[in-house]
Novice: 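Take a look at the following structure, please.
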Amino acid sequence: MTVFATVDALWIKVPMMSGPMAVALVMITVAQTAIARITPPSQRGVVLGALVAVFAVGGVASPLVLGWVVDSAATATSGYENGWLVTAALLLVAGILAALFMRPEKDAQRLGVPEAPAAGIPLSH
């Protein structure tokens, strides 16, 4: 994202949008997989619903934050560039924290979540 924000060449930006920039979109999948692995089956729906709510709040708050970043810059172009750089910084920090602290298998074991799901469909909560 840093390269995307700082390069003016369109021939570099277009391939980046369909390649490296798209990698950031897998975060929801990784988060759902990790949370589903460490959450007991009886609570999994509620926890995954809360995760989607957090992502939805980000979808509401991000235009407000980006608008503030763009409005506080000297030009709209530099404001959008700053917005991309803020996004890159947030992704970097979140990625480092996830790499350091996410251990779904260890957390599942600590919480007593079975390795394999129980056979059949649960009929009660």
Side-chain angles (χ1 to χ4, degrees):
M1 285 197 176
T2 304
V3 173
F4 181 83
T6 56
V7 171
D8 289 330
L10 191 60
W11 67 272
I12 293 175
K13 286 188 175 200
V14 171
M16 286 192 69
M17 288 180 72
S18 61
M21 294 273 295
V23 172
L25 299 176
V26 302
M27 294 304 157
I28 183 97
T29 306
V30 172
Q32 287 176 335
T33 303
I35 287 176
R37 176 62 189 102
I38 66 171
T39 306
S42 62
Q43 298 172 333
R44 199 166 287 152
V46 173
V47 174
L48 288 172
L51 175 69
V52 170
V54 169
F55 275 99
V57 168
V60 171
S62 64
L64 297 172
V65 173
L66 181 61
W68 177 77
V69 170
V70 172
D71 287 344
S72 65
T75 65
T77 302
S78 65
Y80 282 110
E81 181 178 305
N82 292 341
W84 282 110
L85 293 174
V86 167
T87 302
L90 288 172
L91 280 173
L92 178 66
V93 169
I96 289 170
L97 290 174
L100 291 174
F101 297 110
M102 262 183 45
R103 302 286 182 260
E105 297 301 322
K106 188 175 182 180
D107 290 336
Q109 186 179 30
R110 181 177 52 84
L111 294 170
V113 178
E115 180 70 30
I121 300 171
L123 299 176
S124 65
H125 298 306

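The chain is numbered in sequence order, starting from 1.
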Novice: Any idea which heavy atoms bring L10 and P15 closest together, and the distance?
Specialist: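 In terms of heavy atoms, the two residues are closest at O-CD, 4.4 Å.
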Novice: Determine whether Y80 and V69 make a side-chain contact, defined as any pair of heavy atoms from C-beta on separated by less than 4.5 Å.
Specialist: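 The answer is no, as the side chains (C-beta and beyond) never meet within the 4.5 Å cut-off.
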Novice: Hey, could you give me the CZ/CD distance between R37 and Q109, rounded to the nearest 0.5 Å?
Specialist: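 R37 CZ to Q109 CD: 9.0 Å, rounded to 0.5 Å.
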Novice: Could you point out which residue of V46, I35, T39 forms a side-chain contact (heavy atoms from CB on, under 4.5 Å) with L51?
Specialist: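 With L51 as partner, V46, I35, T39 yield a single side-chain contact (heavy atoms from CB on, under 4.5 Å), made by I35.
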Novice: For residues V57 and V47: do they belong to one hydrophobic cluster (side chain heavy atoms under 4.5 Å, members Ile, Leu, Val, Met, Phe, Trp, Tyr)?
Specialist: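 No, separate clusters.
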Novice: In Å, rounded to the nearest 0.5 Å, how long is the span from CG of N82 to OG1 of T87?
Specialist: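 Rounded to the nearest 0.5 Å, the CG-OG1 separation comes to 10.5 Å.
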Novice: Apart from V54 itself, what residues make up its hydrophobic cluster, given side-chain heavy atom links below 4.5 Å?
Specialist: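 Via sub-4.5 Å side-chain contacts, V54 links to none.
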Novice: If you compare all heavy atoms of S62 against all heavy atoms of G59, which two are closest, and at what distance to 0.1 Å?
Specialist: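 Closest pair (atom of S62, atom of G59, distance): OG-O, 3.8 Å.
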Novice: Below 4.5 Å, heavy atoms only, C-beta onward: do L66 and V86 meet side chain to side chain?
Specialist: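 No; the side chains remain at least 4.5 Å from each other.
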Novice: Can L92 be reached from F101 by stepping across I, L, V, M, F, W or Y side chains whose heavy atoms are under 4.5 Å apart?
Specialist: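 Result: yes, single cluster for both.
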Novice: Rounded at 0.5 Å granularity, tell me how far CG in D8 sits from CD in E81.
Specialist: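 Here the rounded value is 7.5 Å.
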Novice: Nearest 0.5 Å, please: how far is OG1 in T6 from CD1 in I12?
Specialist: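 Answer rounded to 0.5 Å: 9.0 Å.
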Novice: Could you state the interatomic distance from CD1 (I96) to CG (L91), rounded to the nearest 0.5 Å?
Specialist: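 It comes to 11.0 Å.
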Novice: A side-chain contact here means heavy atoms from C-beta on lying under 4.5 Å apart; do V52 and Q32 qualify?
Specialist: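 V52 vs Q32: side chains touch.
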Novice: Grab the two heavy atoms, one from V7 and one from K13, that are nearest each other, plus how far apart they are.
Specialist: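 What the structure gives for the nearest pair is O-CE, 2.5 Å.
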Novice: Output all residues satisfying side chain to side chain contact (heavy atoms under 4.5 Å, CB included) with A61, sequence neighbours left out; order by chain, then residue number.
Specialist: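 If we apply the side chain to side chain contact (heavy atoms under 4.5 Å, CB included) test to A61, skipping adjacent residues, there are no hits.
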